[in-house]
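The structure presented is a predicted model; accordingly, all values stated were derived computationally and were not measured. Below, chains carry the letters A, B, ... as their sequence lines are ordered, and counting in each starts from 1.
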There are 2 protein chains.
Amino acid sequence: MDNLARQLKVLAEPNRLRIVDLLMEGVQCNCELGDALGMAPNLISHHLRILREVGLVDVERDAVDARWVYYSINRSTLAELAQVFGAFFDPARIKERHPACGPQGSPIQLEPMTAIIA
Amino acid sequence: MDNLARQLKVLAEPNRLRIVDLLMEGVQCNCELGDALGMAPNLISHHLRILREVGLVDVERDAVDARWVYYSINRSTLAELAQVFGAFFDPARIKERHPACGPQGSPIQLEPMTAIIA
DNA sequence: TTAATAGTTCAATGGCAGTTGAATCATTTG
DNA sequence: CAAATGATTCAACTGCCATTGAACTATTAA
C-alpha cells in the first residue's frame, strides 16, 4: 500500500502527469517535452528522473547521434499500476458499515447531513 | 487532467490512503480511524475534510447520539475516479514513437541504455 | 581543437501541506 | 447548570519538493 502511495505521489504532480500523457502520445525527447509544456530542460530532466525511479519511464539513446535521449512509458509497470489501482479503488470492495463505537441501539438509524459542509 | 491530478494528490498521502482503505472496510467514526492508525483525532478530521472536498467521502451524524459522526466512501465519485484513471493509464493508449526532433535518418535505430541509470 | 548542441547535475530558494498542541464547538449526561 | 464526550478549528512549526539559474558532461560539427 505504501508502494501504491509512492506511485500516486509521483503521478499527482501536474507537470509529471502531463509528461506521462505526452509520452503516451509518442513524444519522447527532452526538448519536445519542454516545448510542449513550456518548461526548462533541466526541470524536464528532474521530473523524468523521478518517473524513472518508480519504473514508469524507460530511457534510450539515439544510435546515430548520441546526444539525443528518448524516453518512453514502461508498459508492464503501467499495466501493473492500472491493475493495482483498479483493484484497490473498486467500488465493489466497499463493505457495509459495522461500527464498533457509537451508542448501542442505533445500528442503522442515521440522517443525512449537509449542515456540516456549509 | 488537472482534476485528475488533484484527486491523485489527495490519494497520494499515505495516511489518507489508509483512511480510504479503512472506510472501504466499513470502519467509519473518527475515533476508530484514529485508533486503527495511531493518529490524533484532529489529524483524522483534517484528512477527512480534504477527502470530503474532492467528493470521495460523505458524512452522516448519528440520529440517536449526535456526537458521533460517521464517514463513508462516495460510491459514484470512486467509480468515476476508477473509470477515469483506468482510461488515462490504459497501456493500450501508448502510441508508437514519432519524433519531431533528432537526427534525420535514424528513425528506429536505438540501443537500450542502462548506463545512464547507474 | 574550438564551438555548438542536447541533456544533466548542483546549490539555493520559496511555498505548500502534514503534524502538533491548545482552544473551541456541539451534544449528551449527571 | 456543570461536567464529560466526540469532534472540529486554530495557530505555529517543520520538512519536503518543485522551481530557478548556473555550472558541468558528453557528443557532434566546423
Handout entry: Heavy-atom check, side chain of B/M24 versus side chain of B/L78, under 4.5 Å
Key = yes
Exercise for the section: Pick base, sugar-phosphate or nothing for A/C101, based on heavy-atom distances below 4.0 Å to the nucleic acid. Expected result: nothing
Problem - A/C29/B/C101 sulfur atoms closer than 2.5 Å - result: yes
Practice task
Return the value, rounded to whole Å, for the distance between atom CG of A/L48 and atom P of C/dT9.
Solution key: 11 Å
Problem - Between C/dA6 (P) and A/R61 (CZ): distance, integer Å - result: 13 Å
Fill in the blank from the handout: From CZ of B/R52 across to C1' of D/dT9 the rounded distance in Å is 12 Å
Handout entry: Interatomic distance, A/R49 CZ vs D/dT19 C1' [rounded to whole Å]
Key = 14 Å
For nucleotides 28-30 of chain D, list the nitrogen or oxygen atoms of the protein found under 3.5 Å from its nitrogen or oxygen atoms, one pair per line.
from   : atom 1 : to    : atom 2 : distance (Å)
D/dT28 : OP1    : A/V64 : O      : 3.4
D/dT28 : OP1    : A/A66 : N      : 3.1
D/dT28 : O4'    : A/R67 : NE     : 3.4
D/dT28 : O3'    : A/R67 : NH2    : 3.4

Problem - A/D2 side chain reached by B/R18 side chain, heavy atoms, under 4.5 Å - result: yes
Exercise for the section: State, with a plain yes or no, whether a side-chain heavy atom of B/V84 is found less than 4.5 Å away from one of B/N3. Expected result: no
Exercise for the section: State whether the side chain of A/R16 and the backbone N or O of A/H47 hold a donor-acceptor pair below 3.5 Å, judged by distance alone. Expected result: no
Practice task
Considering non-hydrogen atoms only, spot the tightest contact between B/T77 and B/G55 and give its length.
Solution key: OG1-O, 2.9 Å
Problem - Per-nucleotide protein contact string for nucleotides 11-22 of chain C, where B marks a base within reach and S marks sugar-phosphate only (heavy atoms under 4.0 Å, - for neither) - result: -------SBBBB
Exercise for the section: State whether A/D21 and B/R93 are salt-bridged, where the test is any N-O pair (Lys NZ or Arg NE/NH1/NH2 against Asp/Glu carboxylate O) under 4.0 Å. Expected result: yes
Practice task
Taking the side chain as every heavy atom from C-beta outward, state whether A/I19 and A/Y71 have any atom pair closer than 4.5 Å.
Solution key: no
Handout entry: Within-4.5 Å side-chain heavy-atom neighbours: B/L56 and B/V10
Key = no
Exercise for the section: Let me know the distance between CD of B/E60 and C1' of C/dT27, rounded to the nearest Å. Expected result: 18 Å
Exercise for the section: Determine, for B/D58 against B/R75, whether the closest basic-nitrogen to carboxylate-oxygen distance falls under 4.0 angstrom. Expected result: no
Handout entry: Residues from residues 17-26 of chain B lying under 4.0 Å of DNA chain D - heavy atoms
Key = none
Exercise for the section: Indicate yes or no: at least one non-hydrogen side-chain atom of A/L48 is less than 4.5 angstrom from one of A/V69. Expected result: no
Problem - Length of the line joining B/E32:CD and D/dA7:P, which is rounded to integer Å - result: 10 Å
Handout entry: Whole-Å gap separating C1' (D/dA18) and CG (A/L37)
Key = 14 Å
Exercise for the section: Report the distance from atom CH2 of A/W68 to atom C1' of C/dA4, rounded to the nearest whole Å. Expected result: 11 Å
